[in-house]
Protein chains: 2
Amino acid sequence: MPTPHQGTPRYRMVAEELRRRIEAGAIPAGALLPPESALVQEFGISRGTAREAIATLRAEGLVVTEHGRGTYARPQHPVRRLSADRYRPNAVHASDLPETSLRADVRLDEVSATPTLARLFGVAAGTPLLQRRVLFWAHGVPEQLAISNYLLSVVAGTPLTDPTPEPWLSSITTQLSSIGINVTKIRELVRARMPTAEEASALRLLSGVPVLALTRRTYSREQIIEVANEIVLPADRAEIEYEILPT
Amino acid sequence: MPTPHQGTPRYRMVAEELRRRIEAGAIPAGALLPPESALVQEFGISRGTAREAIATLRAEGLVVTEHGRGTYARPQHPVRRLSADRYRPNAVHASDLPETSLRADVRLDEVSATPTLARLFGVAAGTPLLQRRVLFWAHGVPEQLAISNYLLSVVAGTPLTDPTPEPWLSSITTQLSSIGINVTKIRELVRARMPTAEEASALRLLSGVPVLALTRRTYSREQIIEVANEIVLPADRAEIEYEILPT
DNA sequence: CACGTCGACACGTCTAGACAAGTCATCTGG
DNA sequence: CCAGATGACTTGTCTAGACGTGTCGACGTG
């Protein structure tokens, strides 16, 4: 009966139909999709084809499969929106959340500038840097993984070398102004990619969820003060807003 | 012989072995992997299992498969960087590329504002909009997929309703200033997600590659003129730069 | 020499069936 | 009442084979 593979492949038509049901709300977020056996009967296809259809949706990040339980529409996470306001002086790291629900795991290391980092800072390779690694939590869910680098000569002896998390919950602008540095410009480079295995587990990412990867360069009068060369955000829980004023 | 599924699945072991060969350089970037038939013989597995192994590598973005040709280790793409300059008046859409290598497929439609769009524009649902869908090409490679919406009452009778691609290669700022509208502010919302099947094929995305999805709102004195509610960029070929001036 | 046909070979799609393994509710024995 | 066994149901893995469709070089033919 199922005419094999004429025009649109069967598995794609099945995937399309399931996507339609999810988007129409017939299969609400978190609810189970029909099991493979039901798809076999309903669409008159073989199990392999049904699995192919579900694999398509999984690759799109629309559904999640659990062994022995079934496949369900991926629950929507509350999305955190990061706006340019987050760099306002006095801004809290996550100004849209009550402070009580925030947490941060911090690790500080003294490292030597790699060639790439040295070029960004405009210093010689090997120049000592302060590297900070932070995993931010909100509402008990990991939200952001960040690796920042500071010129050690700039921050040495300042509160920024304090490994307690409190200072890190405020914006980079606030942190730097507290040690007398006036931030004049911030440049952010936005990329997206699939997470590494480490990132996936640290951020508790479901399969099929990409990450937003930011590189931030913080300037004070054309001098780069800080480089956060990998700020990693789960793409299903975060979006970023920017404002551009054409000149 | 092939003991089915004890401990590590066969397809993962085969994938592991192929990954090892690629990383060791035995299969250099751009070179073909053994065809499925060879894997069937070499590892004593069925073709389905061989395909599963290759699908695993494909999902990791390590290899690319082309119908009729084979699977090869993935070559690196040049990355296009989009900076805020792209909204300078007089800027060409892709200012970092010679014009000759640009192309755009354009489709214009008159549509009614959906509730979401109507809210964005601050008009009643059903208000007529001009919808433009554009697929941008550079160097023969699809680069960007965009769906923009304009208030029809604003653009009616202007050159913006011209379906020839030329005008679309210039920036939105330039386009609007050519009909006497002065862009005062642009807001962009950046998200990342896995592409739909349609996007993947239109943008010729390799599997395992996410997309950057932008929503752009173009303002003229607090009035939203244009909403590009889905600008889709391949994440392996694009990165976006923003500049923030803390106040 | 240019061009078109053909065929080998590659991946794409699909079927039908088998057994393994995880999940969960229910039943049963202590 | 509780704990463990059972069994139904689910996805995971794998096989063997069929035919469709894209690629590309070899081989003719004009």
Residues two or more places apart in sequence or in another chain: which of them pass salt bridge (charged side-chain N to carboxylate O under 4.0 Å, His left out) with [X]?
X       : result
A:Arg47 : A:Glu36
B:Arg20 : B:Glu17
A:Glu66 : A:Arg69

Respond yes when some side-chain nitrogen or oxygen of [X] is under 4.0 Å from OP1 or OP2 of [N], and no when none is.
X       : N      : value
A:Ser37 : D:dT10 : yes
B:Thr65 : C:dG12 : no
B:Arg69 : D:dG22 : no

Please report, rounded to the nearest Å, how far the [atom2] atom of [N] is from the [atom1] atom of [X].
X       : N      : atom1 : atom2 : answer
A:Glu36 : C:dT15 : CD    : P     : 14 Å
B:Phe43 : D:dT13 : CZ    : C1'   : 17 Å
B:Tyr11 : C:dA20 : OH    : C1'   : 13 Å
B:Tyr72 : C:dC11 : OH    : P     : 12 Å
B:Leu32 : C:dC9  : CG    : C1'   : 12 Å
A:Arg58 : D:dG12 : CZ    : C1'   : 10 Å
A:Glu52 : C:dT15 : CD    : C1'   : 13 Å
B:Arg51 : D:dT15 : CZ    : P     : 15 Å

Listed partners of [X] passing side chain to side chain donor-acceptor pair (under 3.5 Å), at least two apart:
X        : answer
B:Thr56  : none
A:Glu42  : A:Arg21
A:Glu52  : none
B:Arg193 : B:Glu199, B:Glu230

What is the bend of the helix from C:dC1-D:dG30 to C:dG30-D:dC1 when you compare the axis at one end with the axis at the other, using five pairs each and rounding to 10°?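 About 0° separates the two local helix axes.
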Between the protein and nucleotides 16-18 of chain C, list every N/O to N/O distance that falls short of 3.5 Å.
unit_1	atom_1	unit_2	atom_2	d
C:dA18	N6	A:Arg47	NH1	3.3

Look at the side chain of A:His67 and decide which nucleotide, out of C:dC14, D:dC14, D:dT11, has an atom nearest to it.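 Closest of the options to the side chain of A:His67: D:dT11.
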Looking at A:Glu60 and A:Arg19, does any basic side-chain N land under 4.0 Å from a carboxylate oxygen?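 Judged by the 4.0 Å cut-off on N to carboxylate O distance, A:Glu60 and A:Arg19 do form a salt bridge.
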Pair A:Asp109-A:Gln131, side-chain donor/acceptor within less than 3.5 Å: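 No pair is found: no donor N or O on one side chain lies under 3.5 Å from an acceptor on the other.
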NA contact type, A:Glu66, heavy-atom cut-off 4.0 Å: base, sugar-phosphate, or nothing?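 Sugar-phosphate only.
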